[in-house]
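Order of appearance sets the numbers: ligands from 1, and atoms from 1 within every ligand.
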Amino acid sequence: MTTKEIPVAKGLPLIGNLVPLIQNPYQFFVKTYQKLGPLYRVRVPGRVMTILGGPEANMFVSQKEMIDCLTTYEVYGDLVKELGMSLLVALEGEPHRRCRKITEQFLSPDKIAQYVKPIIQATLDFSKDWQLGQRVELTHLMEKPICTQLALAFLSTIPGDYCEDIITSFSTIVKVIVAKGFQSRQGLNPELHTSKYLTAKKRTLAFIQEIINERRKAIPVTDNPDMLDTLLTITHADGQPLTEYDIFSFMALPLFSALDTSARTVPFLLYEILKNPEIHEQVMAEVNTAFANGIPNIEDIKKMKILRWAVMETLRMYPIGFLVQRYVKHPFDFAEYKVESGQIIYIALGISHFLPEFYPEPHTFDVERYGSLRQEHKQPGAFAPFGFGAHTCAGARLAEVQLMLTVATLLYAVHPQLDPPTYTLKTAFFSKDSPIPLRVKGGFYIKINRKSPLVSQPSLVELRR
Ligand code: HEM
């Protein structure tokens, strides 16, 4: 019989746990887990949040039986309605399985191998106007090249000025959804009614429609179809072609998925490499080998072991998806407690990333954790940067390659250094202009030390099909 009351974190009258939650939610969630265990409640004005976290929770929510219990439409449905398209993460059951299968076609190892060149070219193009000695603020710059990389790879399209619209419309909506999860206030959000947002959304949708219309005029006959060619030719199991709504929805993948994930992670990865001279040297040796004969291919990328470990260590120490929300559709028992249905709960995937029993000295950037002798991430429930269960990140493999390629290309192309060299990164949480809690605080500057001849390779327009 599960009758125990779920423990509540100690806080102040009225404001509850608001202060530590705003200052450093990751640290607060980890410390509270260490005090109260894998299920607890925290309070903010007007609401009580139920948190499930730690390795045992990561394993528990990954079980097949939990798929119908913890659902996502109630979390992401507003995003779907506002965008006017379906999103994989908001689907459940059979529709989710069907769409996930189609999505996975575009994220297979063979497809990812083909995306290497466009990803590198878009990164080179991004850095082509930088001058030797120039100081570049990187934190707010990465969305554009990241969006361009995937639009070029998946849709053979260069979004150009539309990037700004895609970024503005998506980040505004996500910010509203994330904020809603932490506030008691419901209802209309003024940010979704500003002319800046409405124009950006209109232009984003027009841009997608324009690419579809153009392609419909002449679907290329090719052995190597891109995502849009495939979407325009495949059918559902009953033989019906995909609807315009379906096609729009799948196209969100390359345009939106990496904006608040890969783009946010690149500055952390680059910072940690530049800050650690030994790792920097090892990574540079790998990068120089990979680029020795021009643009590398996927086999060259796979040989970059230290860079891959640096990506994993960055995903552990800076988990963008630290917290995901779920709606409890059916009540369930966990760790002697009952979790009632009809509420949103928060799964703190990233708690286990900071537990010293899994990762000794968890706040130290240590790439050797992933070497064959230690393999700390392989302990059950210990490593969850890409989520869990049915909705685990469909783009995880691509994300790792994208992060490696983006940073390898920048390192090779412009030999950046931290500016000033003594710069120490600070993280910040919850800002008025960031949809994702975790971000670099203030500016993160690099100084351009070299321009590789690769930077002046053919322009993106020449690469487009
Ligand atoms: C650093 C990079 C990334 C991180 C940390 C990340 C993390 C995550 C997490 C935590 C989820 C689960 C969300 C939830 O359960 O509520 C997720 C879902 C998803 N991600 Fe990623 N992601 C990254 C990059 C990407 C990229 C590059 C793509 C595709 C181009 C992608 C596509 C998706 C999709 C389609 C889903 C929904 C899967 C489903 O519901 O079946 N992600 N991601």
Side-chain angles (χ1 to χ4, degrees), residues 52 58 61-62 66-67 70-77 79-80 85-108 111-112 115 118-119 142-143 145-155 170 174 177-178 181 227 249-270 310-327 344-350 353 383-407 436-438:
L52 197 62
N58 288 351
V61 294
S62 306
M66 294 306 290
I67 290 179
L70 296 174
T71 60
T72 51
Y73 187 77
E74 293 77 1
V75 176
Y76 295 108
L79 189 58
V80 170
M85 56 180 81
S86 132
L87 290 177
L88 188 61
V89 73
L91 294 173
E92 303 291 348
E94 185 45 34
H96 175 259
R97 275 190 290 279
R98 208 175 48 232
C99 289
R100 173 112 189 176
K101 214 165 157 200
I102 296 178
T103 304
E104 283 172 356
Q105 284 184 36
F106 309 117
L107 295 162
S108 68
K111 284 287 175 196
I112 292 175
Y115 301 152
I119 291 177
M142 288 317 300
E143 282 116 332
I146 289 282
C147 178
T148 307
Q149 289 172 353
L150 297 192
L152 190 61
F154 284 73
L155 306 169
F170 185 70
V174 175
I177 306 284
V178 172
M227 182 193 213
S249 304
F250 282 113
M251 285 172 71
L253 179 82
L255 298 180
F256 296 148
S257 304
L259 290 181
D260 55 358
T261 53
S262 304
R264 300 261 159 191
T265 307
V266 165
F268 290 118
L269 172 60
L270 189 60
V311 166
M312 293 168 77
E313 184 65 340
T314 304
L315 291 166
R316 179 188 73 79
M317 278 183 63
Y318 305 97
I320 298 292
F322 185 101
L323 203 68
V324 296
Q325 301 177 38
R326 287 292 183 270
Y327 178 74
I344 297 279
I345 61 165
Y346 298 78
I347 299 162
L349 298 164
H353 293 191
F383 189 66
F386 293 114
F388 59 88
H391 291 284
T392 185
C393 179
R397 206 185 291 124
L398 171 62
E400 284 185 10
V401 171
Q402 185 180 32
L403 293 170
M404 288 175 73
L405 289 175
T406 307
V407 167
I436 296 295
L438 180 65

Between Leu91 and Leu87, is a side-chain contact (heavy atoms from CB on, under 4.5 Å) present by the stated rule, with each step listed? CA-CA 7 Å; Leu91 294 173; Leu87 290 177; over 6 Å; no
Apply side-chain contact (heavy atoms from CB on, under 4.5 Å) to His353 and Met317, showing your working. CA-CA 7 Å; His353 293 191; Met317 278 183 63; over 6 Å; no
Would you please test Phe250 and Ile102 for side-chain contact (heavy atoms from CB on, under 4.5 Å) and show each step? CA-CA 9 Å; Phe250 282 113; Ile102 296 178; 3.7 Å; yes
Determine whether Val89 and Leu79 satisfy the following criterion, side-chain contact (heavy atoms from CB on, under 4.5 Å), listing intermediate values before the conclusion. CA-CA 10 Å; Val89 73; Leu79 189 58; 5.6 Å; no
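Those atoms of ligand 1 that come under 4.0 Å of a heavy atom in Gln402, given as number and element, are 27 (C). Residue-ligand proximity, Ala390 to ligand 1, at heavy-atom distances under 4.0 Å covers atoms 41 (O). In the vicinity of Leu150, heavy-atom distances shorter than 4.0 Å reach the ligand 1 atoms 30 (C). Which parts of ligand 1 touch Leu398 is read off a 4.0 Å heavy-atom cut-off, strictly below it: atoms 30 (C). In the vicinity of Val324, heavy-atom distances shorter than 4.0 Å reach the ligand 1 atoms 14 (C), 16 (O). Taking every non-hydrogen atom of Thr265 and a distance limit under 4.0 Å, the qualifying atoms of ligand 1 come out as 1 (C).
For atom 38 (C) of ligand 1, the closest non-hydrogen atom on the protein side is Arg100 NH1, 3.4 Å. Taking atom 35 (C) of ligand 1 as the reference point, the nearest protein heavy-atom neighbour is Leu253 CD1, 3.6 Å. Protein heavy atom in closest approach to atom 5 (C) of ligand 1: Pro385 O, 3.6 Å.
Contacts between Tyr76 and ligand 1, counted as non-hydrogen atom pairs separated by less than 4.0 Å, involve the side chain only. Contacts with ligand 1 closer than 4.0 Å are made by heavy atoms of both the backbone and the side chain of Val89. Neither the backbone nor the side chain of Pro254 has any atom closer than 4.0 Å to an atom of ligand 1 (non-hydrogen atoms only). If you look at Gln325 next to ligand 1, there are no close heavy atoms at all, none under 4.0 Å. Of all the heavy atoms of Leu88, the ones lying under 4.0 Å from any atom of ligand 1 are found in both the backbone and the side chain.
Under the side-chain hydrogen bond (donor to acceptor under 3.5 Å, both in side chains) criterion, Glu92 pairs with Thr72, not counting sequence neighbours. Among residues two or more places apart in sequence or in another chain, the side-chain hydrogen bond (donor to acceptor under 3.5 Å, both in side chains) test is passed with Thr71 by Glu74. Qualifying ring pair (Phe, Tyr, Trp, His ring centres under 6.0 Å) partners for Phe154, counting only residues two or more places apart in sequence or in other chains: Tyr115.
For the atom pair OG (Ser62) and CG (Leu349), the distance works out to 8.5 Å, reported to the nearest 0.5 Å. Once rounded to the nearest 0.5 Å, the distance linking CG of Leu398 with CG of Leu253 reads 8.0 Å.
Of the charged side-chain nitrogens involved, none lies within less than 4.0 Å of a carboxylate oxygen, so that Glu104 and Lys101 do not count as a salt-bridged pair.
His96 contributes no side-chain N or O that, together with a main-chain N or O of Ala90, makes up a donor-acceptor pair within less than 3.5 Å. Checking side-chain atoms of Thr265 against main-chain N and O of Thr314 turns up no donor-acceptor pair under 3.5 Å. No side-chain donor-acceptor contact under 3.5 Å links Arg264 to the backbone of Leu438.
Under the 4.5 Å side-chain criterion, counting only non-hydrogen atoms from C-beta, Ile67 is not in contact with His391. Inter-residue side-chain proximity for Met227 and Pro254 is flagged as met; some heavy-atom pair is nearer than 4.5 Å. Gln105 places none of its side-chain heavy atoms less than 4.5 Å from the side chain of Lys111.
For atom 14 (C) of ligand 1, the nearest non-hydrogen atom from the set His96, Arg97, Glu400, Arg326 comes from Arg326.
Nearby protein atoms of type N, O or S around atom 21 (Fe) of ligand 1 amount to 1 (distance under 2.8 Å).
Residue contacts with ligand 1: Leu87 is excluded, as none of its non-hydrogen atoms falls under 4.0 Å. Ligand 1 lies out of reach of Arg264, whose nearest heavy atom is not under 4.0 Å from it. Ala90 does not count as a contact of ligand 1, since none of its heavy atoms falls under 4.0 Å from the ligand.
Any N or O atom pair closer than 3.5 Å counts here, and Thr392 shares no such pair with ligand 1. Note: no N/O pair closer than 3.5 Å links Thr103 and ligand 1 by distance alone. Where the criterion is an N or O separation shorter than 3.5 Å, residue side chain and backbone included, Ser262 fails it with respect to ligand 1. Some N or O of His391 is nearer than 3.5 Å to an N or O of ligand 1, by distance alone.
Among all heavy-atom pairs drawn from Met85 and Ser249, the shortest one is CB-OG, 3.5 Å.
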